Amino acid sequence: MAMTQPARILVIFGTRPEAIKLFPVVNALKADPRFDCRVCVSAQHREMLDQVLDIAGITPDHDLDVMKPDQSLDELTARLLTGLGGVMDDVQPARVIVQGDTATAMCGALAAYYRKVPVDHVEAGLRSGNIYHPWPEEVNRKIIGSMASLHFAPTQTSASALKAENTDPARVHITGNTVIDALQWVTGRIADTPSLATALTELEQRFSGKRIIGVTSHRRENFGGGLEAIADAVRRIAARDDVALIFPVHPNPNVRKVMDDALSGLGNVAMIEPLDYPNFARLLDLSEIMLTDSGGVQEEAPALGKPVLVMRETTERPEGVAAGTAKLVGTDSDVIVTEISTLLDDKGAYEKMAQAHNPFGDGQAARRIVELLAHEI
Ligand code: UD1
Ligand code: UDP
């Protein structure tokens with residue numbers, strides 16, 4: 001009997017959040033004999049990407065190592081497009097998979113399209129309706145959506161957004177967000193091996209008795225004013241002696257400089273290096289409130305019943321807001337301070353937000369994606 005060749009799928013990613021949201025897909029494809037899964041990392045991020053590769057046990061087949069300090073979008077885009085195109089010429093994939101809305105995802109999709117290789121989009125259909133919030137991600141994901149073969153929408157809202165743009169409804173599938181698969185997996189790993197998540201033990205002791213607020217911030221559209229306002233809000237919240245803020249700081253020099261200038265030396269603000277995924281899951285668990293401009297954290301916090309204040313003007317993830325666990329607070333420091341204080345001082349307001357909701361998925365997204373891909377090969 002003739003054996004059918006497994007379909008060669010090239011999975012492309014380059015940043016921390018893409019790696020977190022794609023490792024469940026990569027591991028599911030690798031475990032499935034119908035597929036020959038190859039991984040190409042652009043390494044748009046370096047240390048933060050490697051942290052995820054390590055924990056997920058993924059060794060890339062191709063590593064473009066494109067990260068440069070403080071890289072500009074045009075230079076990054078140019079290097080990504082030619083680099084990823086070259087890898088596709090070597091690998092000759094039957095299909096390409098990209099995730100989300102980074103420069104790597106957009107260039108991976110474009111290079112595949114230039115070769116007429118079908119590209120499938122994980123986390124399709126997120127839309128804020130504003131091309132400058134988030135910037136440049138809103139346009140990146142629209143570009144990918146215009147070329148994708150299969151659109152793996154995490155929710156009904158994202159599927160509807162694609163259909164409203166006249167995407168063929170037969171190509172749009174609601175799968176849930178793979179971030180929930182990743183979060184459940186890492187939580188299970190920590191339960192089996194608690195030593196994976198002990199990086200915060202010393203801080204937990206130092207801040208014992210204080211109410212922990214977890215902070216992250218990195219958005220490019222917040223450079224030039226927004227980050228300063230966020231830092232100011234953190235400094236003002238830290239004036240309370242019943243709280244401690246744990247802030248893994250993104251390595252982007254534009255973020256570091258602002259935060260170092262504004263927050264160094266404050267006793268109850270711990271600015272630390274980016275945490276690997278198990279230790280960040282631990283921070284989510286320890287925190288009473290999350291204060292963030294991150295996309296992924298907006299999805300993880302509701303799943304864990306942690307109120308999340310989102311320092312953005314708009315969100316492409318309205319599901320957390322609708323569920324009541326997330327609130328948009330923008331980047332005005334007065335508003336941020338008021339909203340945090342309300343959550344700290346008004347038990348009713350806190351309890352109302354601190355309900356576990358999983359509007360983003362059930363942990364089975366990767367399995368669904370693999371089955372949908374199997375129909376295409
Ligand atoms: C990128 C994505 C953004 C995503 C974010 C997740 C684009 C345009 N932006 O933004 O959508 O939300 O990743 O974090 O694709 N750096 C390091 N080490 C690292 C990672 C970054 O030193 O491991 C520093 C470098 O100086 C680098 C800078 O951060 O030049 C910016 O990295 P870049 O990937 O261009 O943009 P992000 O702001 O991280
Ligand atoms: N994260 C992490 N360590 C950290 C901060 C965040 O592992 O120190 C994880 C977090 O759990 C989430 C993802 O990184 O899954 C979010 O990445 P980021 O905020 O960089 O990007 P975004 O989601 O905004 O694109």
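Every number for a ligand or one of its atoms is a count from 1 in the order of the listing. For clarity, every value in this text was computed on a predicted model and none was experimentally measured.
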Does this structure show an ion pair linking E299 with R317, if we count only N-O contacts that are shorter than 4.0 Å?
yes

Less than 4.0 angstrom from a charged side-chain N to a carboxylate O is my criterion; do E376 and R171 meet it?
yes

Atoms of ligand 1 close to R46 [distance to a heavy atom under 4.0 angstrom, numbered from 1]:
19 (C), 23 (O)

What protein heavy atom sits nearest atom 8 (C) of ligand 1, and how far away is it?
L73 CD2, 3.5 Å

Distance filter under 4.0 Å to R219 heavy atoms, resulting ligand 1 atoms:
12 (O)

closest protein heavy atom to atom 29 (O) of ligand 1 is N252 CA, 3.3 Å

Select one of side chain, backbone, both or neither to describe which atoms of E137 lie under 4.0 Å from any atom of ligand 1, heavy atoms only.
side chain

In terms of atom number and element, which parts of ligand 1 are under 4.0 angstrom from non-hydrogen atoms of D70?
25 (C), 26 (O), 27 (C), 30 (O)

Can you tell me which residue and heavy atom of the protein come closest to atom 12 (O) of ligand 1, and the distance to 0.1 Å?
H218 CE1, 3.0 Å

What I want to find out is whether E204 reaches K210 closely enough, with some N-O distance under 4.0 Å, to be called a salt bridge.
no

Does the N279 side chain pair with the main chain of T198, one donor and one acceptor, at a distance under 3.5 Å?
yes

For Y113, look at atom OH and say whether over 12 heavy atoms of other residues, nucleotides or ligands are found less than 6.0 Å away.
no

Quick one, R141 with E316, criterion salt bridge (charged side-chain N to carboxylate O under 4.0 Å, His left out). Give me CA distance, side-chain angles, the key distance, then yes/no.
CA-CA 11 Å; R141 58 198 174 210; E316 62 286 76; 3.1 Å; yes

Counting non-hydrogen protein atoms only, what is the nearest one to atom 37 (P) of ligand 1? Give residue, atom name and distance.
H45 NE2, 3.9 Å

Counting neighbours of CD on E202 that are heavy atoms of other residues, nucleotides or ligands and sit closer than 6.0 Å, is the number greater than 12?
no

May I ask you to decide if the ring planes of F23 and Y277 are parallel, tilted or perpendicular, using 30° and 60° as cut-offs?
perpendicular

Considering only heavy atoms of P69, which atoms of ligand 1 have at least one such atom less than 4.0 Å away?
26 (O), 30 (O)

Carboxylate-amine/guanidinium contact D293 R312, below 4.0 Å
no

Between H250 and H45, does the ring centroid distance fall short of 6.0 Å?
yes

Numbered in order shown, the ligand 1 atoms found under 4.0 Å of a heavy atom of M48 are 20 (C), 23 (O)

Heavy-atom neighbours of K163 NZ exceed 12 at 6.0 Å
yes

Between H250 and ligand 1, which residue portion shows a heavy-atom distance shorter than 4.0 Å: side chain, backbone, both, or neither?
side chain

Is there a polar contact between ligand 1 and R16, counting only N or O atoms under 3.5 Å apart?
no

For ligand 1, does P253 get within less than 4.0 Å through its side chain, its backbone, both, or neither, judged by non-hydrogen atoms?
side chain

Which ligand 1 atoms does A103 reach within 4.0 Å, using its non-hydrogen atoms?
7 (C), 15 (O)

For a quick check: using heavy atoms under 4.0 Å, what are the residues in contact with ligand 2, sorted by chain and number?
R16, P17, I20, H218, P248, P274, L275, Y277, F280, S294, G295, G296, E300

Inspect the contact between E137 and R219 and indicate whether a charged nitrogen and a carboxylate oxygen are less than 4.0 angstrom apart.
yes

May I ask you to list the residues sharing a hydrophobic cluster with V172, side-chain cutoff 4.5 Å, ordered by chain and number?
L162

Applying a 4.0 Å heavy-atom criterion (strictly less than), which segment of T102 is in contact with ligand 1: side chain, backbone, both, or neither?
both

Should the pair R8-D36 be classified as a salt bridge under the 4.0 Å nitrogen-to-oxygen rule?
yes

Within reach of ligand 1, part of P17 (heavy-atom separation under 4.0 Å):
side chain

Looking at atom 32 (O) of ligand 1, what's its closest protein heavy atom, distance included?
Q71 NE2, 3.4 Å

Considering R220, R256, E18, Q44 one by one, which has a heavy atom nearer to atom 34 (O) of ligand 1 than any of the others?
Q44

Is R115 paired with D89 through a side-chain N to carboxylate O contact shorter than 4.0 Å?
yes

Among all protein heavy atoms in this structure, tell me which lies nearest to atom 30 (O) of ligand 1, with the distance rounded to 0.1 Å.
K68 O, 2.6 Å

Salt bridge or not for E75 and K68, using N-O below 4.0 Å?
yes

Identity and distance of the protein heavy atom lying nearest atom 17 (C) of ligand 1
M67 SD, 3.3 Å

